[in-house]
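Report on the following structure.
Keep in mind the model is a prediction, meaning the values are calculated, not measured. Keep in mind that the numbers below use all heavy atoms, side chains included, and drop hydrogens, waters and symmetry copies.
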Amino acid sequence: MAEPVGTAASGALHDRGTRRPALSPSRAGDFKQCPLLYRFRAVDRLPETPTRAQVRGTVVHSVLERLFGLPIEQRDPERARALLAPAWAELQEQQPELAELFDGPDDPELARWLESATALLESYFEMEDPRRLEPEACELRVETELDSGVLLRGFIDRVDVAPTGEIRLVDYKTGAAPREIGEAKAMFQMKFYALVLWRTRGEIPRQLLLMYLASKQRLAYAPDETELRRFERTLEAIWQAILRAGKTGDFRPNPSRLCDYCDHKPLCPAFGGTPPPYPGWPEPDPGEESVLDRTD
């Protein structure tokens, strides 16, 4: 994926030679869902096999980012379709193992997969006209340190700023997660970004907008200061729980129906598995997200 076009991170944080452990929305969500999943992903860094749906989401996000990098008059469905193949090729260059998802370029499954990505892009154009928008940033990397010392870090799909100054945060959803689970996870993510923007810019976003491309639905939410202060305390509590677990290695499993989709189920003691030996609290940084982390 292309480099973010802007950042809300503090310069002082960038200047540090060693990056401190940080909390991202994906990793915070992992710990809430299952502390052992957090350990497997953030501490052990165990590999996971991405699904075609995850990779498709990453490619669609990349196309939309590229689309907004074009002059306004070129942001049309035809150009979006033309950007799809280059975005997929670039992702394979960055992660060659993704080519193993298909049996070569002539695999009919690959053609159907690209068609499904095209359908998501067409849905996007039915939901809004990018020629009427000029985002302040796409794929914005954000980072801030709370007064408590917790370091937050993540990426925002799109930041819109109205002529009057109101901020809107936009997130594209391409997956088919169950609504009650997917929306709760997505809104947690959006509140995370709203808090970071508030702490870096001193202004609460006017709107958090989730765009579900597969169903052509929009979910808008307006956060307020009381809610974000409460959410900040929630993140601080999550981080303190992570630090306590990190000192001892006591990351306990939390079985749920989501376990059936976990790559690490064979290693989970809740299902008779044995985790690898605990490597200790990682340095310098267990908080970075990959592009696949941010797909849905």
message = How close do Val159 and Leu140 get, counting heavy atoms only, and between which atoms?
response = CG2-CD2, 3.6 Å

query = Nearest 0.5 Å, what's the CD-CG distance between Glu232 and Leu195?
reply = 5.0 Å

request  = Locate the shortest heavy-atom distance separating Val43 from Gly280; write the atom from each residue and the value.
outcome  = CG1-O, 3.5 Å

key: Minimum heavy-atom distance between Val55 and Pro50, given as atom pair plus value   = CG2-CB, 4.0 Å

request  = With sequence neighbours excluded, give me every salt bridge (Lys or Arg N to Asp or Glu O under 4.0 Å) pair touching residues 218-227.
outcome  = Lys191-Glu227, Glu225-Arg229

key: Distance, nearest 0.5 Å, that separates SG of Cys138 from CZ of Arg158   = 7.0 Å

task = Could you name each residue pair satisfying ring-ring contact (aromatic ring centres under 6.0 Å, His included) that touches residues 217-236, not counting sequence neighbours?
result = Phe188-Phe231

key: Stepwise side-chain contact (heavy atoms from CB on, under 4.5 Å) test for Leu235 and Val150   = CA-CA 8 Å; Leu235 293 182; Val150 180; 5.7 Å; no

request  = Quick one: which residue pairs count as a side chain to side chain donor-acceptor pair (under 3.5 Å) with a foot in residues 77-87, not counting sequence neighbours?
outcome  = Gln74-Arg79

key: Passing option when Val60 is tested against Thr58, Leu64, Val63 for side-chain contact (heavy atoms from CB on, under 4.5 Å)   = Leu64

message = Show every salt bridge (Lys or Arg N to Asp or Glu O under 4.0 Å) that has at least one partner inside residues 203-216, sequence neighbours left out.
response = Glu126-Lys216, Glu166-Arg206

query = Which heavy atom in Trp239 sits nearest to a heavy atom in Ala22, and how many Å separate them?
reply = CZ3-O, 3.8 Å

key: Derivation of the salt bridge (charged side-chain N to carboxylate O under 4.0 Å, His left out) call for Glu236 and Arg233   = CA-CA 5 Å; Glu236 290 169 344; Arg233 293 193 293 271; over 6 Å; no

inquiry  = Salt bridge check, Asp30 against Arg27: does any charged N sit closer than 4.0 Å to a carboxylate O?
reply    = yes

ask   = What is the distance from atom OG1 of Thr174 to atom OH of Tyr212, rounded to the nearest 0.5 Å?
value = 11.0 Å

request  = Evaluate the criterion side-chain contact (heavy atoms from CB on, under 4.5 Å) for residue pair Arg52 and Phe102; output intermediate values, then yes/no.
outcome  = CA-CA 9 Å; Arg52 291 178 180 178; Phe102 302 99; 3.5 Å; yes

Distance-only donor-acceptor pairs under 3.5 Å for side chains of residues 243-251, two or more places apart:
residue, atom, partner, partner atom, Å
Thr248, OG1, Ala245, O, 3.4
Thr248, OG1, Asp250, N, 3.2
Asp250, OD1, Arg252, NE, 3.2
Asp250, OD2, Arg252, NE, 3.0
Asp250, OD2, Arg252, NH2, 3.1

key: Heavy-atom closest contact (Pro223 atom, Ile204 atom, distance)   = O-CG2, 3.8 Å

query = Can you tell me how far CD1 of Ile156 sits from CG of Leu169, rounded to the nearest 0.5 angstrom?
reply = 5.0 Å

request  = Determine yes or no for a side-chain-to-main-chain donor-acceptor pair under 3.5 angstrom, with Asp263 supplying the side chain and Glu48 the backbone.
outcome  = no

query = Sequence neighbours excluded, which residues qualify as side chain to side chain contact (heavy atoms under 4.5 Å, CB included) partners of Cys262?
reply = Leu37, His264

query = Is Met127 linked to Ile72 within one hydrophobic cluster, defined over Ile, Leu, Val, Met, Phe, Trp and Tyr using a side-chain heavy-atom separation of less than 4.5 Å?
reply = no

task = Determine, for Arg39 against Asp44, whether the closest basic-nitrogen to carboxylate-oxygen distance falls under 4.0 angstrom.
result = yes

ask   = Does NZ or CZ of Lys265 lie under 6.0 Å from the centre of the six-membered ring of Phe271, at an angle within 45° of the ring axis?
value = yes

task = Before giving the answer on side-chain contact (heavy atoms from CB on, under 4.5 Å), spell out for Leu83 and Leu70 the whole-Å C-alpha distance, their side-chain angles and the decisive distance to 0.1 Å.
result = CA-CA 11 Å; Leu83 291 170; Leu70 296 174; 4.2 Å; yes

task = Please check if the side chain of Asp157 supplies one atom and the backbone of Tyr172 the other of a donor-acceptor pair under 3.5 Å.
result = yes

message = Apply side-chain contact (heavy atoms from CB on, under 4.5 Å) to residues Met211 and Glu128 and explain how you reach the verdict.
response = CA-CA 10 Å; Met211 299 183 66; Glu128 70 177 10; 3.8 Å; yes

Gap separating the CD atom of Glu145 from the CD atom of Glu143, nearest 0.5 angstrom = 9.0 Å

query = Going by atom types only, do Arg56 and Ser116 share a side-chain donor-acceptor pair under 3.5 Å?
reply = yes

ask   = About how many Å separate CG of Leu213 and NZ of Lys173, when rounded to the nearest 0.5 Å?
value = 10.5 Å

ask   = Is the closest side-chain donor-acceptor distance between Ser62 and Arg66 under 3.5 Å?
value = yes

inquiry  = Show the nearest heavy-atom pair for residues Leu67 and Pro130, with the distance to one decimal.
reply    = CD2-CG, 3.9 Å

